[in-house]
Protein chains: 2
Amino acid sequence: MDNDDYRQRVIAAADRLYYTKGFSAVGMDQLRDAAGISLRRLYQLFPSKNDVVTAVLQNRRKIWADGLTEYMDAAPTPRGKLLAVYDFLADWFCEDDFRGCGFINAFAELGAVNSEIAAIAREHKMSFQRHMARLVAEIGAAPSLAHHLMLLAEGAQTTAALTGDPSAAHHARQAAEILIDTALAKEHPNTNGEDAETHLANHG
Amino acid sequence: MDNDDYRQRVIAAADRLYYTKGFSAVGMDQLRDAAGISLRRLYQLFPSKNDVVTAVLQNRRKIWADGLTEYMDAAPTPRGKLLAVYDFLADWFCEDDFRGCGFINAFAELGAVNSEIAAIAREHKMSFQRHMARLVAEIGAAPSLAHHLMLLAEGAQTTAALTGDPSAAHHARQAAEILIDTALAKEHPNTNGEDAETHLANHG
DNA sequence: CCCGAGTGAGAACGATCGTTCTCACTTGAG
DNA sequence: CTCAAGTGAGAACGATCGTTCTCACTCGGG
């Protein structure tokens, strides 16, 4: 077992602890116990707690992007890919330990004091935003639609976390369908909305 | 100057400090300095830091509700009241020290460990939700519209906080207009959309 | 005046945090 | 084998936290 394996073990344990309890609520001793590693090796892998936190967030960025991409790839059409975002969220919200978006949580807890963490959270959101904008451009809708869909996804995450109700993803999907179809109807006014309506009926 | 004045002074100072730096990042000593009060009196007003935090959140609940109500009352129609939410957010986002929704931040930082704070944050969101649902019922739209509009407002708050871009409120308003008008067109299909369209043009 | 209750300023306390150090032990090279 | 380098387990350190205590002082009622 080499250093990279140990790093990944620490990151996995830290991610779970930080996400479920908050960053400042989890000390290095607790992380050592959870990762099954000595404090000495922990500090030679990560010179400070802040390095653990940033590594955890960078790791989570990749996991989140991969998970989302997986859902999107399963959808055949650009419209379906956009709506797959909310299916991805729906499944996520149903997980037992769901506690909101880890980046929003990190920003809320540490963003004001630690600009590096604020930057990581911001970069995560902006890459999601770019992803949405690309798909919106593909279906030929106005760029503002990407903002609208992003707001729904963000709102669903915080609402599901606070209320504990996973149906926020379902509501976000409903609204997204309306916004997408309205945007498409505005850009292609000659085609009637029949296709969109049947598509909507199949999923909703 | 009686005890209530002191209490209010502490709450005001604590609110600013907690909101801009986070809860665990602000100690009681710092709060004492900011409030201009002795540690002794501080602890006889609030037996523990947790009491300060909950008092701050309860206070912020009232301030938030009053501010929103003010914006809503200025709008003549129920539709205008619903859209006033996003004007309220827009002005809020432009404040210098805006750092997202204080309740989401509190939930993110302390909600996992402190169930009392989680409950306050949840209650705040649900009272906002009820407020929206009442107005949606007034304009005769489907209840799901209230969920959609709430998601937009929530998403705007986190997006504006993370990206630092106040235009999230503007985008949320755009999307809200589309969703409201679509919902109204579905509930009253005999009236054409002209009224809604001109209203939209006046505001957007 | 006296006296007791309450106050401000801040030291002190115990807990906990992030981080480093100690020390006995392992291990691979010579 | 010997020895140097690295490790695990955990004590130790300094800082900081929330909270309490000390002590000199104020001040209103007798």
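Naming: A, B, ... by sequence-line order, numbering from 1 per chain.
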Can you measure B/Leu39 atom CG to C/dG6 atom P for me and round it to whole angstrom units?
19 Å

Heavy atoms from C-beta onward define the side chain here; which of C/dT19, C/dT7, D/dG18 lies closest to that of B/Arg41?
C/dT7

Between CZ of B/Arg32 and C1' of D/dC17 the distance, given in whole Å, is 13 Å

Nearest whole angstrom, please: distance from the P of C/dG14 to the CE of B/Met28.
20 Å

Distance check needed: D/dG6 P versus A/Leu45 CG, whole Å only.
15 Å

Hey, which of A/Val85, A/Asp91, A/Leu83 is the one that makes side-chain contact (heavy atoms from CB on, under 4.5 Å) with A/Tyr71?
A/Asp91

Whole-Å distance, B/Lys49 NZ to D/dT19 P, equals 8 Å

Verify ring-ring contact (aromatic ring centres under 6.0 Å, His included) between B/Phe128 and B/Trp64, making sure each step is shown before the conclusion.
CA-CA 10 Å; B/Phe128 176 51; B/Trp64 207 88; 5.3 Å; yes

When rounded to whole Å, the CG to C1' distance for the pair A/Asn50 and C/dC17 reads 15 Å

Taking the minimum atom-to-atom distance to the side chain of B/Gln44, which one of D/dG8, C/dT19, C/dT7 wins?
C/dT7

Looking across every strand, which nucleic acid part, if any, lies under 4.0 Å from A/Val52 by heavy atom: base, sugar-phosphate, or nothing?
nothing

Whole-Å distance between C/dG8 C1' and B/Leu42 CG?
13 Å

Pick the nucleotide of DNA chain D nearest each of B/Ser48 and B/Arg40; which residue has the one closer to the 5' end?
B/Ser48

Might you confirm whether atom CD of B/Gln30 has over 12 heavy atoms from other residues, nucleotides or ligands at distances under 6.0 Å?
yes

With the side chain defined as heavy atoms from C-beta on, B/Tyr43 is closest, among C/dG18, D/dT7, D/dT19, to D/dT19

Would you say the side-chain atoms of B/Ser48 and B/Asp51 include a donor-acceptor pair closer than 3.5 Å?
yes

Nearest whole angstrom, please: distance from the P of C/dT19 to the CD1 of A/Ile37.
15 Å

